[in-house]
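Below you'll find the structure, written out as structure tokens, and then a few comments.
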Amino acid sequence: MSRLSDFRLLSFDVYGTLIDWETGVINSLKPLVEANNASFTRKHLLEVYHEVEQKQQIQTPGMKYSELLTTIHPQVAERLGLAAPTDEQNQAFGSSIGSWPAFPDTVEALRRLSKHYKLVVLSNVDLDSFASSNKGPLEGFPFDLIITAQNVGSYKPNLKNFEYMLREVEAKFGVKKSEVLQTAQSQFHDHHPAKKMGIKSSWIERPGSIMGNTDDLIYNWRFETLKDMADALEAELGSS
């Protein structure tokens, strides 16, 4: 397939692609940093967070994402050389996911893309956390299918998550792998495993993003924003 309009279904990463994951994490770490009168660059905070999160996901693949965040909050503090946070502060960090903002183009772009595609969530969070995001910053958008790490029992980039998604979309919608386009920001979590699975991908770059980047870029299409992808799809359909 050589055109965006040839695909029938978009499999979305959410946090980093639709939700501004990095701003959400930074905002949620502010109480910890400010309580210690500390100062760190955005890049350093995100790199430490991402490293700690990734290690915990490997160690406890079946742990709910909100509980995983609660678990890693004191680990992040330790890595940053800060005083240990309280249990209440750890819980607040774990419960912060629903407050992470959507990118400004997200909801309208989803509405436009949904006119042509089935839209499926393939996320590393848990069902309750995604529900909070969907009710809030995603404005109740009606995705066709929601798959989280909680459903699968593992976290991306584990190929089990992509295998699970492919089984589900074929069973529910009759969509085959060749008709699925993985749509995501993170090279590490999405594009590299998608290639291993033989799934084509659209990279929503979100310029300035830090987490999930790799030196080896993999994608079949590349857009700065989801709006740009919707524009390209509509241009294709208008010219056909």
Side-chain angles (χ1 to χ4, degrees), residues 1-19 21 57 61-66 97-98 102 106-186 189-204 218-221 223 226 229-230 232-234 236-237:
M1 294 185 180
S2 58
R3 290 163 56 89
L4 287 170
S5 53
D6 290 336
F7 295 89
R8 294 178 57 199
L9 183 146
L10 303 183
S11 169
F12 277 106
D13 168 61
V14 175
Y15 298 84
T17 307
L18 308 181
I19 295 287
W21 178 32
Q57 287 175 342
M63 182 181 285
K64 282 181 62 176
Y65 188 66
S66 56
I97 301 159
T106 291
V107 175
E108 181 58 29
L110 287 172
R111 290 178 180 137
R112 293 166 63 194
L113 292 167
S114 69
K115 295 175 183 178
H116 182 77
Y117 302 112
K118 293 285 187 186
L119 303 186
V120 171
V121 166
L122 183 61
S123 176
N124 268 355
V125 302
D126 57 89
L127 291 165
D128 288 341
S129 295
F130 177 76
S132 294
S133 293
N134 203 28
K135 182 179 179 181
L138 294 177
E139 300 178 15
F141 184 83
F143 291 95
D144 294 288
L145 178 63
I146 297 165
I147 301 169
T148 71
Q150 184 180 4
N151 297 105
V152 185
S154 61
Y155 287 96
K156 296 182 296 182
N158 195 313
L159 298 186
K160 291 178 182 178
N161 296 60
F162 295 86
E163 292 166 350
Y164 186 103
M165 178 271 293
L166 291 174
R167 287 196 304 270
E168 289 293 302
V169 301
E170 183 164 14
K172 288 180 166 59
F173 311 122
V175 172
K176 299 187 181 302
K177 178 166 66 174
S178 61
E179 299 172 307
V180 174
L181 186 63
Q182 188 66 23
T183 305
Q185 177 272 326
S186 176
H189 297 94
D190 290 274
H191 294 278
H192 281 251
K195 184 177 181 180
K196 291 177 183 176
M197 289 292 300
I199 303 169
K200 290 192 175 180
S201 68
S202 176
W203 184 27
I204 309 303
I218 290 174
Y219 57 88
N220 299 98
W221 284 269
F223 303 100
L226 198 63
M229 183 176 174
L233 172 67
E234 290 172 359
E236 270 189 19
L237 294 172

Scanning both residues in full, the closest heavy-atom pair of L138 with F130 reads CD1-CE1, 4.1 Å
Using side-chain contact (heavy atoms from CB on, under 4.5 Å), reason through N124 and W21 one step at a time and then give a plain yes or no.
CA-CA 12 Å; N124 268 355; W21 178 32; over 6 Å; no
Donor-acceptor pair, T183 side chain versus L181 backbone, under 3.5 Å?
yes
With no hydrogens and no angle check, is any side-chain donor or acceptor of E179 less than 3.5 Å from a backbone partner on K176?
yes
Interatomic distance, E236 atom CD to D6 atom CG [nearest 0.5 angstrom]
7.0 Å
Exercise: identify the closest heavy-atom pair between A232 and L4
CB-CD1, 3.8 Å
Using the rule given for side-chain contact (heavy atoms from CB on, under 4.5 Å), can you reason through L233 versus H116, listing the C-alpha separation, both sets of side-chain angles and the distance that settles it, and then say yes or no?
CA-CA 9 Å; L233 172 67; H116 182 77; 3.9 Å; yes
Inspect the surroundings of NZ in K195 and state if more than 12 heavy atoms from other residues, nucleotides or ligands are less than 6.0 Å away.
no
What verdict does the side-chain contact (heavy atoms from CB on, under 4.5 Å) test give for F143 and V14, after you've listed the backbone C-alpha separation in whole Å, the side-chain angles of each residue and the deciding distance to 0.1 Å?
CA-CA 11 Å; F143 291 95; V14 175; 5.6 Å; no
Is there a donor in the side chain of S133 and an acceptor in the side chain of Y15, or the other way round, less than 3.5 Å apart?
yes
Spatial distance of atom OG (S123) from atom CD1 (I146) [nearest 0.5 Å]
10.0 Å
Inspect the contact between E163 and K160 and indicate whether a charged nitrogen and a carboxylate oxygen are less than 4.0 angstrom apart.
no
Close side-chain approach of L166 and I199, heavy atoms under 4.5 Å:
yes
Over all atoms of both residues, closest heavy-atom pair of G16 and Q185:
O-CB, 3.3 Å
Does K200 form a side-chain contact (heavy atoms from CB on, under 4.5 Å) with F7? I'd like the steps, not just the answer.
CA-CA 10 Å; K200 290 192 175 180; F7 295 89; 4.0 Å; yes
Given F141, which of L119, L18, T106 fulfils the side-chain contact (heavy atoms from CB on, under 4.5 Å) condition?
L119
Looking only at non-hydrogen atoms, find the nearest pair between S132 and P137 and report the distance.
O-CD, 4.1 Å
Okay, side chain of N220, backbone of S201: is any donor-acceptor separation there less than 3.5 Å?
yes
To the nearest 0.5 Å, tell me how far Y164 OH sits from N151 CG.
4.5 Å
Test item: L113 and L226 side chains (from C-beta on) under 4.5 Å apart, heavy atoms
yes
Check whether any side-chain N or O of K64 sits under 3.5 Å from a backbone N or O of S129 as a donor-acceptor pair, and report yes or no.
no
With distance as the sole test, does D126 use its side chain to make a donor-acceptor pair with the main-chain N or O of A149 at under 3.5 Å?
no
Close side-chain approach of D190 and K156, heavy atoms under 4.5 Å
yes
Would you compute the distance between atom CD of E139 and atom CD of E108 and round it to the nearest 0.5 angstrom?
9.5 Å
Closest non-hydrogen contact found for R3 with W221 is C-CZ2, 3.8 Å
Just by distance, do the side chain of H192 and the backbone of I218 share a donor-acceptor pair under 3.5 Å?
no
Testing the 3.5 Å rule here: is there a donor-acceptor pair between the side chains of S11 and Q182?
yes
To the nearest 0.5 Å, tell me how far I19 CD1 sits from D13 CG.
10.5 Å
Check whether any side-chain heavy atom of M165 sits under 4.5 Å from a side-chain heavy atom of V180, and report yes or no.
yes
Closest non-hydrogen atoms of V125 and T148, given as atom of the first, atom of the second and distance, are O-CB, 3.0 Å
Is the ring pair Y65/Y155 parallel, tilted or perpendicular, if the boundaries are 30 and 60 degrees?
tilted
